[in-house]
Enquirer: 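One structure coming up, written as structure tokens, with questions to follow.
Labels below follow one simple rule: chain letters A, B, ... track the order of the sequence lines, proteins then strands, and each chain is numbered from 1. Every heavy atom of this structure was used, including side-chain atoms; hydrogens, water molecules and symmetry mates were not.
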Number of protein chains: 2
Amino acid sequence: MANSSIRNPTSFDVARLAGVSRSAVSRVFTPGGTVSEETREKVTKAASELGYRVNSLARGLQQRHSGIVGLVASRLDTPLRSRQVRQLSEALIREGFKPMLITAEKPDDVSTLIESLLGYRVAGMILTSDSPTRALIEDCKRQGLPVVLVNRAGVSNWGDRVVADNETGGRLAAQLLIDSGAQRLGCLLPRRGTYSVSGRCDAFLATAERLGIAVKVIHAEDQSYADARAGIVDAGRDALGHVDGLFCATDLMAIGALDALRLDLGMSIPDEIQVLGFDDIEQASWASYNLSTIRQDIKHQSEIVVRLLIERIADGTLASRVEQQPLSPVLRGTTRHVG
Amino acid sequence: MANSSIRNPTSFDVARLAGVSRSAVSRVFTPGGTVSEETREKVTKAASELGYRVNSLARGLQQRHSGIVGLVASRLDTPLRSRQVRQLSEALIREGFKPMLITAEKPDDVSTLIESLLGYRVAGMILTSDSPTRALIEDCKRQGLPVVLVNRAGVSNWGDRVVADNETGGRLAAQLLIDSGAQRLGCLLPRRGTYSVSGRCDAFLATAERLGIAVKVIHAEDQSYADARAGIVDAGRDALGHVDGLFCATDLMAIGALDALRLDLGMSIPDEIQVLGFDDIEQASWASYNLSTIRQDIKHQSEIVVRLLIERIADGTLASRVEQQPLSPVLRGTTRHVG
DNA sequence: GTGAAAGCGCTAACAC
DNA sequence: GTGTTAGCGCTTTCAC
């Protein structure tokens, strides 16, 4: 009770107790600080005695940034995104930053929110996929604020980007289905795709066309399990009757499709139709699905993102960079193995 | 380029342009501020002209807290947790707070991390389930820092708590299986349970005992899908042969169990054995599982959490409170319906 | 209702 | 190496 009214000790208190100046205290708590072993000890002792802790607010006021990084993500409760956020958060923390999480679905809110982040003098911002409006990125540019875009189209040539190699991904997918004996391909994708979703599907379609193979495109309302399932059910056996190799834009959609195919339409997989997803979310490996897919290495991705961010914070004049993260096929039970 | 060297406008700049004092500017941007309509207009105009934005760091330095709330969560990439974090984050933001996300698996790290949060003069902290050590909460107590615990045991009588009604939950589960005709119960739980997981299983076991029904307890190494599946497989048909109603501590475990039962052991559900989960994660409703479960309303939960937090920030002398969130059975295909 | 002045707690130059 | 000084940008008495 009375406890809460006790003022937190300041560097001044520590300085007095240790018999040194406040600058000395500051130096001890500053990573590159140059202090004699003797003062360092005195200060450390006094500090721990008092329970002193640097006030990051005051420190941030002095330096160029507060050590906070804005982490913007929509659909956080989705398997891929939650994994991304976890890895990004851990990577940021490991490097001494503190992630401020902005979750918002409507672009309008997001803009206001990010506005308010700027008030905290964030060191930079990480924007995942479908989150932010263009205007917002323009804003960051105006502020000279470091930005890393994850699986997202670039805007105004501002910020670094980490993207999956959609070109290769889509090609890989087509190749894989064809090599497994598929003759008539299908592609399930959301009506309004995000950068990476559309990118990989485009590459898939282009590859098929190049090889002279027809592709039946099936639309789902959105990227959710339910929409994917509904999309397949709506298309129905007729439309699918000819398709024997279905590429789905994401694993989540593939799982919806799988349930629709097997349970709603009574088809057998991979005998009647092979199914291939993208991402390798955890659920893809669950025994009931055992989904073949193309994996994005999210941990690796996060590390690249944070590295780029740190480099840019250190040097804002760097040219805009784009890094591609590798993809790897994961063959499970929804495709036919060859050899 | 040169852009980034331009200083952000301060309240001083706005004051000068508007021809008023800095205090006037401050008042305009302070929620309860008392200013004449005339100055308000002048200030607002000048501010937007200059692109002025309050510096939250400086503001936080002045006030009791920075408006940041620590949000501590482990296993963020798990369905239930990611939903919780999303809802909590959105609720906090709606109330004008900014969530700082701390994800860490090892308790040691967490303590250091939270330590560092204190340096940001956070308004309070939300600790989910298995995250933090006792020592940490003692720390918060010492600081007089508002804390809300989610589905977690209390410590030192500090902080408010929001918990599922485990007592009712466990009883409901037992009742439900028995009412659906189960005669020999089983209970799948992790070797080291968290507060809520252990709580509901204990209540389940107690209820069964009271009714004179034997329960076969099956242990999984941990709460994951894989561990649950392995737990069931290891137990094998023999141990399970007698069980015709299995309660699993979480949906994730139930799904692992389901796959083990059906795919590894070749049992048919719900005919040979009924399965009941807990939480109602999204995957429980996926057609391949169609899992009967007991739902926690996460959205509602988050709203309670944030309300408690706000109340306590407003008045730190409140007595410690515990709120229970309601549970509701969701009957799907893994139990036999009656009537 | 408004302005002047006094901090909030820290770091970064600059002399020593 | 260490201390002195001058801010960082804001809010908050306190007179007016």
Side-chain angles (χ1 to χ4, degrees), chain A residues 5-44 46-47 50-68 116-123 143, chain B residues 5-44 46-47 50-68 116-123 143:
Chain A
S5 65
I6 284 179
R7 219 177 83 279
N8 281 311
T10 72
S11 69
F12 188 81
D13 301 325
V14 177
R16 197 175 36 194
L17 180 58
V20 298
S21 73
R22 289 160 69 209
S23 340
V25 178
S26 172
R27 287 189 189 103
V28 170
F29 287 98
T30 301
T34 159
V35 216
S36 74
E37 199 43 54
E38 197 193 334
T39 31
R40 159 159 277 126
E41 252 170 44
K42 282 194 294 187
V43 168
T44 314
L50 259 35
Y52 170 74
R53 181 175 12 250
V54 177
N55 184 325
S56 311
L57 260 29
R59 171 178 277 179
L61 205 52
Q62 211 64 3
Q63 301 180 150
R64 272 217 329 298
H65 69 253
S66 59
I68 298 173
S116 69
L117 273 198
L118 298 179
Y120 285 96
R121 294 288 181 275
V122 293
Q143 298 278 327
Chain B
S5 66
I6 284 181
R7 219 177 84 281
N8 280 311
T10 73
S11 69
F12 187 81
D13 301 325
V14 177
R16 197 176 33 196
L17 180 57
V20 298
S21 73
R22 288 158 70 208
S23 336
V25 177
S26 171
R27 287 189 189 103
V28 170
F29 286 97
T30 301
T34 160
V35 216
S36 73
E37 199 43 53
E38 198 192 332
T39 27
R40 161 158 276 126
E41 252 169 46
K42 282 194 292 187
V43 168
T44 314
L50 258 37
Y52 170 75
R53 182 175 11 249
V54 177
N55 183 325
S56 310
L57 261 29
R59 171 178 277 180
L61 204 52
Q62 213 64 4
Q63 302 181 150
R64 274 218 326 299
H65 68 252
S66 59
I68 298 173
S116 69
L117 272 198
L118 298 179
Y120 285 97
R121 294 288 180 276
V122 293
Q143 299 277 328

Enquirer: As a test of reading the structure: which of dG3(D), dC10(C), dG3(C) is closest to the side chain of R27(A), going by heavy atoms?
Expert: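 Minimum distance to the R27(A) side chain belongs to dG3(D).
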Enquirer: Considering just the side-chain nitrogens and oxygens of T10(B), establish if one lies under 4.0 Å of OP1 or OP2 belonging to dG9(D).
Expert: no
Enquirer: Between P on dG9(D) and CG on D13(B), what's the gap in Å once rounded to a whole number?
Expert: 9 Å
Enquirer: For A58(B) and T34(B), find the nucleotide of DNA chain C closest to each by heavy atoms; which residue's nucleotide sits nearer the 5' end?
Expert: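 The residue closer to the strand's 5' end, by nearest nucleotide, is T34(B).
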Enquirer: Rounded to whole Å, please give me the gap between NE2 in H65(B) and C1' in dC10(D).
Expert: 15 Å
Enquirer: Output the single nucleotide from dG3(D), dC10(D), dA12(C) whose closest atom is nearest the side chain of Q63(A).
Expert: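 Of all the options, the side chain of Q63(A) is nearest to dA12(C).
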Enquirer: If you check the S26(B) side chain, which of dT11(D), dC10(C), dG9(D) turns out closest?
Expert: dT11(D)
Enquirer: Whole angstrom is fine here: how far is it from CZ in F12(B) over to P in dA5(C)?
Expert: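 These atoms are roughly 12 Å apart.
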Enquirer: Taking all atoms of both residues into account, what is the closest heavy-atom pair of R53(B) and G119(A), and its distance?
Expert: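 Minimum heavy-atom contact is CD-N, 3.8 Å.
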Enquirer: Within the 4.0 Å heavy-atom criterion, would you say S56(B) contacts the bases, only the backbone, or no part of the nucleic acid?
Expert: nothing
Enquirer: So, applying side-chain contact (heavy atoms from CB on, under 4.5 Å) with V25(B), which one of T30(B), V14(B), D13(B) is it?
Expert: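 Output: one option passes, namely V14(B).
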Enquirer: A side-chain contact here means heavy atoms from C-beta on lying under 4.5 Å apart; do V43(B) and F29(B) qualify?
Expert: yes
Enquirer: Which part of the nucleic acid, if any, lies within contact of F29(B), taking any heavy atom under 4.0 Å across all strands shown: a base, the sugar-phosphate backbone alone, or nothing?
Expert: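 Here F29(B) touches no strand at all.
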Enquirer: Do the side chain of S23(A) and the base of dT11(C) come within less than 3.5 angstrom through a donor-acceptor pair of N or O atoms?
Expert: no
Enquirer: Atom CD of E41(B) to atom C1' of dG1(C): distance rounded to whole Å?
Expert: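 Whole-Å distance recorded here is 16 Å.
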Enquirer: May I ask you to check whether S26(A) and S23(A) show a side-chain donor-acceptor distance below 3.5 Å?
Expert: no
Enquirer: Between S11(B) and dG9(D), is there a side-chain N or O to OP1/OP2 distance below 4.0 Å?
Expert: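 Answer no for this pair, as no side-chain N or O of S11(B) is under 4.0 Å from OP1 or OP2.
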Enquirer: Round to the nearest Å and state the distance from Q62(B) atom CD to dC8(C) atom P.
Expert: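 The distance from CD of Q62(B) to P of dC8(C) comes to 8 Å, rounded to the nearest Å.
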Enquirer: Answer with base, sugar-phosphate or nothing: what part of the nucleic acid does V25(B) contact at a heavy-atom distance below 4.0 Å?
Expert: nothing
Enquirer: Do L57(A) and R59(B) have side chains that get closer than 4.5 Å, going by heavy atoms?
Expert: no
Enquirer: Check whether any side-chain nitrogen or oxygen of T39(B) sits under 4.0 Å from OP1 or OP2 of dG1(C), and answer yes or no.
Expert: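 Checking T39(B) against dG1(C): no side-chain N or O falls below 4.0 Å of OP1 or OP2.
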Enquirer: Looking at dT2(D), I'd like to know if its phosphate oxygens (OP1 or OP2) sit under 4.0 Å from a side-chain N or O belonging to S36(A).
Expert: yes
Enquirer: Take atom OH of Y52(B) and atom P of dG9(D), then tell me their distance rounded to the nearest Å.
Expert: 10 Å
Enquirer: Within the side chain of S66(A), is there an N or O that forms a donor-acceptor pair under 3.5 Å with the backbone of G60(A)?
Expert: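 Absent.
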Enquirer: Choosing from dG9(C), dA12(C), dT11(C), which nucleotide comes nearest the side chain of L61(A)?
Expert: dG9(C)
Enquirer: Which nucleotide, dC10(C), dT11(D), dG3(C), lies nearest any side-chain atom of R59(B)?
Expert: dT11(D)
Enquirer: Figure out the NZ/P separation between K42(B) and dT2(C), and round it to whole Å.
Expert: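 Nearest whole value for this atom pair: 8 Å.
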Enquirer: Report yes if a side-chain nitrogen or oxygen of Y120(A) is closer than 4.0 Å to either non-bridging phosphate oxygen (OP1 or OP2) of dC10(D); otherwise report no.
Expert: no
Enquirer: Atom CG of L50(A) to atom C1' of dG9(C): distance rounded to whole Å?
Expert: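 These atoms are roughly 15 Å apart.
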Enquirer: Side chain of V35(B), heavy atoms from C-beta onward: which of dG3(C), dG7(C), dT2(C) has the nearest atom to it?
Expert: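 Closest nucleotide to the V35(B) side chain: dT2(C).
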Enquirer: Using a 4.0 Å heavy-atom cut-off across all strands, classify V54(A) as base, sugar-phosphate, or nothing.
Expert: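 V54(A): backbone/sugar contact only, no base atoms under 4.0 Å.
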Enquirer: On DNA chain D, compare the nucleotides closest to R22(A) and R121(A); which residue's is nearer the 5' end?
Expert: R22(A)
